[in-house]
Protein chains: 2
Amino acid sequence: MTTTKRGRPRGFDRDTALAQATSLFWQHGFEGTSIADLTSAMGISPPSLYAAFGDKRTLFLEVVERYGGTFGAFMNKALAEESDPRTGFARMLDEAALAYTDPSHPAGCLVITAATNYSAQTADIERDLRERRRANVRSFETRLEDARSRGSLGRDTDTRALAVYFAVVVQGMSQQARDGATARELRRVAELAMTIWPPSDAS
Amino acid sequence: MTTTKRGRPRGFDRDTALAQATSLFWQHGFEGTSIADLTSAMGISPPSLYAAFGDKRTLFLEVVERYGGTFGAFMNKALAEESDPRTGFARMLDEAALAYTDPSHPAGCLVITAATNYSAQTADIERDLRERRRANVRSFETRLEDARSRGSLGRDTDTRALAVYFAVVVQGMSQQARDGATARELRRVAELAMTIWPPSDAS
DNA sequence: GACTTTCTGTAGCGCTGGCTACAGAAACAC
DNA sequence: GTGTTTCTGTAGCCAGCGCTACAGAAAGTC
């Protein structure tokens, strides 16, 4: 009882079209990318885009969601997979240095850069991305608090300040990558940034 | 022989209009700010704006120039005024924490945020700001090399990596300030960030 | 006063933005 | 085949963009 899909089939691959949209939004941001830019890159016409993805906002949100599951997944992965928190944060920064300068896609992080210049009409898009960044800082803090409770960080460690510090380093690395910093430079920065790690509470 | 100015005098103050333009571009970026936004905030009509400032690009460049001489001047000032380089960079980061969260103007740094989302038409604006940021990194590096040659930094110090690190911290602090980080949090981050300072070459 | 110069708002230019009405094309069901 | 469903491109809507032609207003010059 397999119900075959009716009607004329789609003439393009939805996933590759989504990937092309990701690339454009990543490079130029939400407002800097027009529907004409998108349809041109996808090789389709506006009605096909709207039928497949809804409007520009919905498409963008789907792009962000996809990004979080692929390119942006390395952060939480590094923190979750490493049992030692110091090793986890070190790995996260080092992988960020590589990811943000990977020549196979635009530089930096989409969530950080795609909606920094927002007009009144796109304030909601900006708010969405900012909320994602704030959630990231909170997940840093949670990981650090967990480390403190397990004794691998001193009992009086300012986990909030540490979490904001790591967010600062990650976001700054994204910016520097967009400004042309090399993978080599950013890996050195990642290494340097880790030397602030406080000594464990040995008392 | 004082030649008085002929014609109808300007009905608004050019400097305060420039300040209002600065505020808008600072908040929403170059593309996120329209001529209508500007004329509305200034309380004038388009022809007055164009007569006084040229086109939108020229106005923006004048805003950036003014910004560099006022809000953005604290960085080079801190590095130049402090004879000890460590004290200079520490002061720069601490003052950045305060400046970027000052409630009397938009959060973060205009040069860092005003043109991150650029379309093809505004690529030259983006290039201008990026060049300013790169010049900043170079001035960090120059200051660090100077410190090394004077012996206050070890002879094998990687001044390039240090310079990029400080740029990362400054740009990351700007982003975090825009995301809602407080002055208190960022000052702790500034303090934390300085603990990477390498020991001086005592050999 | 008449004349010149400069600033002023109204109104609107050309263009591009996001988005869609419409009719044709290509698949399935029967 | 006919009918139904879904995707397709053309062509164009309307709103907003940066920018300006124009005529009137307000100052100095003589």
Side-chain angles (χ1 to χ4, degrees), chain A residues 1-18 20-21 24-25 28-63 114-115 117-126, chain B residues 1-18 20-21 24-25 28-63 114-115 117-126:
Chain A
M1 216 178 136
T2 53
T3 49
T4 326
K5 223 180 150 200
R6 295 274 296 276
R8 176 174 176 175
R10 184 175 284 130
F12 61 98
D13 184 49
R14 197 179 185 279
D15 285 339
T16 60
L18 198 58
Q20 286 157 333
L24 285 180
F25 282 131
H28 301 288
F30 179 74
E31 292 209 323
T33 306
S34 69
I35 297 290
D37 292 335
L38 291 163
T39 54
S40 166
M42 295 173 175
I44 61 177
S45 48
S48 300
L49 185 149
Y50 280 87
F53 300 105
D55 63 356
K56 192 187 173 188
R57 285 177 140 74
T58 313
L59 168 59
F60 180 76
L61 294 179
E62 187 172 347
V63 160
N117 304 142
Y118 58 99
S119 59
Q121 292 81 13
T122 52
D124 55 335
I125 296 282
E126 197 278 332
Chain B
M1 222 179 133
T2 55
T3 50
T4 325
K5 225 181 147 200
R6 292 276 293 278
R8 175 175 178 175
R10 182 176 287 129
F12 62 97
D13 183 47
R14 197 180 185 280
D15 285 340
T16 61
L18 198 58
Q20 286 157 333
L24 285 180
F25 281 132
H28 301 288
F30 178 75
E31 292 209 321
T33 307
S34 69
I35 297 289
D37 293 334
L38 291 163
T39 54
S40 166
M42 295 172 174
I44 60 177
S45 48
S48 299
L49 185 151
Y50 280 86
F53 299 105
D55 63 358
K56 191 186 173 189
R57 287 176 139 72
T58 312
L59 167 60
F60 180 75
L61 294 179
E62 187 173 346
V63 160
N117 303 142
Y118 58 97
S119 58
Q121 292 81 15
T122 51
D124 54 333
I125 296 282
E126 196 278 333

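Given the structure is predicted, the values throughout are model-derived calculations rather than measurements. Letters go in sequence order (proteins before strands), and every chain restarts at 1. Computed from heavy atoms alone, side chains included, the values below leave out hydrogens, waters and symmetry copies.
Ion pair B/R14/B/E62 flagged as a salt bridge, since at least one NZ, NE, NH1 or NH2 atom sits closer than 4.0 Å to an Asp/Glu carboxylate oxygen.
The phosphate of C/dG17 (OP1 or OP2) has a side-chain N or O of A/S34 nearer than 4.0 angstrom. The side chain of A/S48 contributes an N or O atom lying less than 4.0 Å from OP1 or OP2 of D/dT8.
Residue A/P46 is in base contact, counting any heavy-atom pair closer than 4.0 Å across all strands shown. B/S45 comes within 4.0 angstrom of a nucleotide base, judged by non-hydrogen atoms across all strands. Residue contacts for A/S119: at a heavy-atom cut-off of 4.0 Å it reaches no nucleic acid atom on any strand shown.
The CZ-P distance, from A/R10 to C/dC28, rounds to 16 Å in whole Å. The nearest whole Å value for the distance from the CG atom in A/D37 to the C1' atom in C/dT16 is 11 Å. In this structure, the CE atom of B/M42 is 12 Å from the P atom of C/dT8, given to the nearest Å. Spacing between atom CD of A/Q121 and atom P of C/dG18 amounts to 12 Å, rounded to whole angstrom units. Distance CD1 (A/I35) to P (D/dA15): 18 Å, rounded to an integer number of Å. Taking atom CD on A/E31 and atom P on D/dC17, their separation rounds to 10 Å, with Å as the unit. Remark: C1' of C/dG9 and OH of B/Y50 are 15 Å apart, rounded to the nearest angstrom. What separates NZ of B/K56 from P of D/dC17 is a distance of 9 Å, to the nearest Å.
In this model, no side-chain donor or acceptor of A/R6 finds a partner on the base of C/dA27 within 3.5 Å.
With D/dC17, D/dA25, C/dG18 as the candidates, the nucleotide lying closest to the side chain of B/R8 is D/dA25. Distances from the side chain of A/A36 to the nucleotides C/dG17, D/dC7, D/dT20 place C/dG17 closest. Counting only heavy atoms from C-beta on, B/P9 has its side chain closest to D/dA27 among D/dT8, D/dA27, C/dG18.
Of the two residues contacting DNA chain D, namely A/P47 and B/D55, the nearest-nucleotide position lying further toward the 5' end is that of A/P47. Nearest-nucleotide positions on DNA chain C place B/G7 closer to the 5' end than the other of B/G7 and B/L49.
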List the steps, then state whether side chain to side chain donor-acceptor pair (under 3.5 Å) holds for B/D37 with B/S40. CA-CA 5 Å; B/D37 293 334; B/S40 166; over 6 Å; no
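To the nearest 0.5 Å, the span separating CG on B/L49 from CD1 on B/I44 amounts to 5.0 Å. Atoms CZ and OG, from A/F53 and A/S48 in turn, are 10.0 Å apart once rounded to the nearest 0.5 Å.
In this structure, B/K56 contributes its side chain and B/S34 its backbone to no donor-acceptor pair below 3.5 Å.
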